[in-house]
Asks: 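Please see the structure below; I have some questions.
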Amino acid sequence: ARGRGELIRMIFAVAGEEFEDERITQEEWPALKPRLFGCNPWEELLIDEAVESVNDSIAAAVKWFLEKDEEEKEKLKKEYAETAVVKLVEYLRLRMKDGKNGYIVGDKLSLADLTVFNFIDLMKSTGNAWFDDHDDVMRHYELVKSNPKIAKWLEIRPPQTQ
């Protein structure tokens, strides 16, 4: 079956990249599927919602990030901090009330947690500490950062270049 993998196969074909086209059966998939997408359809929906909320914030950040005029850039950053950051923090607080053990959805690490952590980490690496004043959000950030596998990756990942 073609399934969701077909798009990436077409991308490789257009790019002229060789790849190993390894197909698996539906019965094999659960053993290979990462366990970061929730335990049931409701959790999957909430995780998707969290990921898309971060994506909305990223889309809003691109406006100031790509701005060349420094005066306009500062104006756009201020607007971003006053609108998109506030909106994302409010959303995260709402989700974290329902999550357990400090996680956004459910009681264990999910794609939602990784997405939020990655975004805040990116913002911090660019000198934007907008989330630092939000203790609850930063507790979540530290929780994800303390995951042994994440901590190991953070130690060995290459430094960010601009």
Side-chain angles (χ1 to χ4, degrees), residues 3-5 7-8 11 29-162:
R4 295 182 140 212
L7 178 59
I8 194 67
I11 291 169
W29 174 239
L32 299 172
K33 180 180 177 184
R35 302 289 179 207
L36 297 172
F37 295 97
C39 297
N40 57 56
W42 179 247
E43 284 188 2
E44 290 174 12
L45 175 102
L46 294 177
I47 289 166
D48 185 54
E49 178 186 79
V51 169
E52 290 305 316
S53 293
V54 171
N55 286 341
D56 288 347
S57 194
I58 291 169
V62 167
K63 292 174 187 170
W64 66 259
F65 189 77
L66 297 178
E67 179 59 49
K68 300 293 185 212
D69 179 88
E70 287 303 316
E71 191 174 312
E72 183 66 14
K73 184 177 205 136
E74 287 306 311
K75 178 184 165 211
L76 291 171
K77 280 176 76 169
K78 186 177 186 297
E79 288 175 13
Y80 176 78
E82 293 171 352
T83 56
V85 170
V86 170
K87 183 178 177 182
L88 183 58
V89 167
E90 288 173 356
Y91 171 77
L92 294 174
R93 286 183 174 143
L94 174 71
R95 275 295 137 248
M96 287 188 290
K97 279 195 301 188
D98 294 334
K100 298 177 179 74
N101 300 330
Y103 295 109
I104 293 174
V105 176
D107 60 358
K108 61 184 184 270
L109 187 71
S110 74
L111 180 62
D113 302 297
L114 294 175
T115 302
V116 170
F117 172 83
N118 186 57
F119 179 63
I120 294 173
D121 195 55
L122 176 65
M123 289 293 106
K124 290 170 81 59
S125 75
T126 60
N128 297 294
W130 292 313
F131 298 94
D132 287 2
D133 292 335
H134 303 283
D135 293 343
D136 47 356
V137 174
M138 292 313 297
R139 272 193 304 277
H140 174 267
Y141 175 86
E142 293 299 328
L143 173 68
V144 175
K145 187 177 180 180
S146 71
N147 175 286
K149 292 178 180 176
I150 296 299
K152 182 178 179 181
W153 167 247
L154 295 176
E155 283 180 21
I156 64 169
R157 73 178 173 182
Q160 181 172 317
T161 58
Q162 294 277 12

Asks: Shortest non-hydrogen contact from Lys145 to Ala151?
Replies: O-CB, 3.6 Å

Asks: Going by side-chain contact (heavy atoms from CB on, under 4.5 Å), Leu88 matches just one of Leu92, Val85, Val86. Which one?
Replies: Leu92

Asks: Show the nearest heavy-atom pair for residues Phe131 and Met138, with the distance to one decimal.
Replies: O-CG, 3.2 Å

Asks: Check the surroundings of atom NZ in Lys73: do more than 12 heavy atoms from other residues, nucleotides or ligands lie under 6.0 Å from it?
Replies: yes

Asks: Could you tell me which non-hydrogen atom of Gly38 sits nearest to which non-hydrogen atom of Ile47, and how far apart they are?
Replies: N-CD1, 3.4 Å

Asks: Would you compute the distance between atom CG of Asn147 and atom NZ of Lys108 and round it to the nearest 0.5 angstrom?
Replies: 13.5 Å

Asks: Is the closest side-chain heavy-atom distance between Ile58 and Asn55 below 4.5 Å?
Replies: yes

Asks: When you measure from the side chain of Asp107 to the backbone N and O of Asn101, does any donor-acceptor pair fall under 3.5 Å?
Replies: no

Asks: Any donor-acceptor pair under 3.5 Å linking the side chain of Ser57 with the backbone of Val54?
Replies: no

Asks: What's the shortest heavy-atom distance between Tyr80 and Ala61, and which atoms?
Replies: CE1-N, 3.4 Å

Asks: To the nearest 0.5 Å, tell me how far Asp135 CG sits from Glu142 CD.
Replies: 11.0 Å

Asks: Could you grab the distance from atom CG of Asp48 to atom CZ of Phe37, nearest 0.5 Å is fine?
Replies: 9.5 Å

Asks: Do Ser110 and Asp113 have side-chain atoms, one donor and one acceptor, less than 3.5 Å apart?
Replies: yes

Asks: How many angstroms lie between atom NE2 of His140 and atom CZ of Arg93, to the nearest 0.5 angstrom?
Replies: 13.5 Å

Asks: Does a side-chain N-to-carboxylate-O contact under 4.0 Å join Asp132 and Lys124?
Replies: yes

Asks: Check whether Asn128 reaches the backbone of Trp130 with its side chain - one donor and one acceptor, N or O, closer than 3.5 Å.
Replies: no

Asks: Could you pull out the closest heavy-atom pair between Leu109 and Leu36, with the gap in Å?
Replies: O-CD2, 3.7 Å

Asks: Just do the side chain to side chain contact (heavy atoms under 4.5 Å, CB included) check on Val105 and Glu44 with the steps written out, would you?
Replies: CA-CA 9 Å; Val105 176; Glu44 290 174 12; over 6 Å; no

Asks: If you compare all heavy atoms of Tyr91 against all heavy atoms of Glu49, which two are closest, and at what distance to 0.1 Å?
Replies: OH-OE1, 2.8 Å

Asks: Is Glu79 salt-bridged to Lys63, cutoff N-O under 4.0 Å?
Replies: no

Asks: Determine the interplanar angle of the Tyr141 and Phe117 rings, folded into 0 to 90°, and report it as parallel if under 30°, tilted if 30 to 60°, perpendicular if over 60°.
Replies: parallel

Asks: Nearest 0.5 Å, please: how far is OG1 in Thr115 from CD1 in Ile104?
Replies: 8.0 Å

Asks: So how far is it from Leu46 CG to Leu94 CG, rounded to the nearest 0.5 Å?
Replies: 9.5 Å

